[in-house]
Amino acid sequence: AQSVTQPDIHITVSEGASLELRCNYSYGATPYLFWYVQSPGQGLQLLLKYFSGDTLVQGIKGFEAEFKRSQSSFNLRKPSVHWSDAAEYFCAVGPETDKLIFGTGTRLQVFP
Amino acid sequence: DAGVIQSPRHEVTEMGQEVTLRCKPISGHNSLFWYRQTMMRGLELLIYFNNNVPIDDSGMPEDRFSAKMPNASFSTLKIQPSEPRDSAVYFCASTRDRQETQYFGPGTRLLVL
């Protein structure tokens, strides 16, 4: 069965520090992978996506993610976190885009 | 270009009442999705439409929930009768085709007392 695991429920970092949010998936074929961000009281906004090709994907707001098939992972990274990055982050996997399965989310807190 | 529009943004109702949530997808998008987000269950897909036709409603929790898409620019999600456990944030999302990104609306926060 398809599934997405985000092992970290809550992460706290200092502003300017690097960030890595983990995402592991279980899927039988080559997955479509996504990272979304949700600010409080808002809908989800796409940060980046991987369909095929280069396994290192660049997204908006300085985020990137790397698809590692051998580890079934799609971790999200940012070299220097800004206070405005505080939000909840969701990883999602799908056969295409019409049956996305979302992880439970990681809440990021940023200290000044 | 306007994004996905949902109304109302907030809804408070009493148990047993009918609730109707509305969604206007992005113009030109042909797939529409309804999600429910709760602390306990996270983000769940309830139903999705392609070209106004329901494709998969396996996520609809029970018969009290129904969804319609009478045309390409409008969809409703109805709960009748509502129960306190239906309290959640309901999101609508749309996409142009199966290989495109889903764009989410701001959500409707529903509280059933």
Side-chain angles (χ1 to χ4, degrees), chain A residues 1-10 21 23-25 27 29-53 57-61 63 65 74 76 87-107, chain B residues 2-10 21 23-26 29-59 69 88-111:
Chain A
Q2 303 164 29
S3 66
V4 177
T5 302
Q6 293 181 247
D8 303 306
I9 296 172
H10 187 202
L21 302 182
C23 173
N24 294 97
Y25 67 90
Y27 190 72
T30 300
Y32 286 37
L33 294 159
F34 306 79
W35 274 100
Y36 283 84
V37 60
Q38 183 180 27
S39 297
Q42 302 297 313
L44 279 70
Q45 180 186 21
L46 180 73
L47 286 175
L48 48 78
K49 60 188 177 186
Y50 171 79
F51 286 179
S52 65
V57 181
Q58 302 297 321
I60 62 171
K61 305 184 180 185
F63 285 92
F74 189 58
L76 182 71
E88 188 143 19
Y89 292 79
F90 293 90
C91 181
V93 63
E96 288 179 317
T97 64
D98 56 356
K99 287 284 285 186
L100 290 183
I101 296 172
F102 285 83
T104 51
T106 297
R107 183 169 298 277
Chain B
V4 175
I5 298 172
Q6 290 187 247
S7 64
R9 293 293 311 273
H10 302 271
L21 312 181
C23 175
K24 177 178 170 55
I26 294 173
H29 284 194
N30 58 13
S31 291
L32 182 141
F33 307 79
W34 281 102
Y35 290 89
R36 178 172 67 177
Q37 185 179 39
T38 61
M39 290 291 291
M40 293 297 295
R41 301 175 67 88
L43 197 62
E44 307 172 276
L45 177 65
L46 300 177
I47 184 172
Y48 80 94
F49 296 83
N50 183 256
N51 294 322
N52 312 336
V53 176
I55 303 300
D56 186 342
D57 64 355
S58 59
M69 191 164 187
V89 182
Y90 292 81
F91 289 103
C92 176
S94 71
T95 184
R96 190 189 312 273
D97 63 41
R98 302 184 78 188
Q99 296 207 0
E100 293 291 329
T101 302
Q102 289 188 25
Y103 291 89
F104 282 74
T108 295
R109 187 171 297 274
L110 173 65
L111 178 62

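Given the structure is predicted, the values throughout are model-derived calculations rather than measurements. Order of the sequence lines fixes the chain letters, A, B, ..., with proteins taken first and strands second; residue numbering starts at 1 for each chain.
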Just how far is it from atom [atom1] of [X] to atom [atom2] of [Y], taken to the nearest 0.5 Å?
X: Phe102(A); Y: Tyr35(B); atom1: CZ; atom2: OH; result: 4.5 Å
X: Phe51(A); Y: Thr101(B); atom1: CZ; atom2: OG1; result: 5.5 Å
X: Glu44(B); Y: Ile101(A); atom1: CD; atom2: CD1; result: 12.0 Å

>> Taking salt bridge (Lys or Arg N to Asp or Glu O under 4.0 Å) as the cut-off, I'd like each qualifying pair that reaches into residues 38-48 of chain A, sequence neighbours left out, listed once.
In response: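 Qualifying pairs, neighbours excluded: none.
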
> Excluding sequence neighbours, so at least two apart, what forms side chain to side chain donor-acceptor pair (under 3.5 Å) with Gln6(B)?
Replying inline: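 For Gln6(B), no residue satisfies side chain to side chain donor-acceptor pair (under 3.5 Å) once neighbours in sequence are set aside.
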
>> Need one label for Arg9(B): side chain, backbone, both or neither, based on atoms under 4.5 Å from any heavy atom in chain A.
In response: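 The answer is the side chain of Arg9(B).
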
>> Under 4.5 Å from any heavy atom of chain A, what part of Ser58(B) do you find: side chain, backbone, both or neither?
In response: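 Side chain of Ser58(B) only, per the 4.5 Å heavy-atom cut-off to chain A.
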
>> Surrounding CD1 of Ile9(A) (heavy atoms of other residues, nucleotides or ligands, distance under 6.0 Å), is the total greater than 12?
In response: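 At most 12 heavy atoms, drawn from other residues, nucleotides or ligands, come within 6.0 Å of this atom.
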
> Around Phe63(A), counting heavy atoms of other residues, nucleotides and ligands shown, do more than 12 lie under 6.0 Å from its CZ?
Replying inline: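 Yes, the 6.0 Å shell around CZ holds more than 12 heavy atoms from other groups.
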
> What are the two closest heavy atoms between Phe90(A) and Gln37(B), and how far apart are they?
Replying inline: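 Of all heavy-atom pairs spanning Phe90(A) and Gln37(B), the closest is CZ-NE2, 3.4 Å.
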
>> Please classify the contact of Gln38(A) with chain B as side chain, backbone, both or neither, using a heavy-atom distance under 4.5 Å.
In response: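 Contact with chain B involves the side chain of Gln38(A) alone.
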
> Between Leu44(A) and chain B, which part of the residue has a heavy atom less than 4.5 Å away: side chain, backbone, both or neither?
Replying inline: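 Contact with chain B involves both backbone and side-chain atoms of Leu44(A).
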
>> I'd like to check Gln102(B) versus Phe34(A) (side-chain heavy atoms, cut-off strictly below 4.5 Å). Are they in contact?
In response: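 Gln102(B) vs Phe34(A): side chains apart.
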
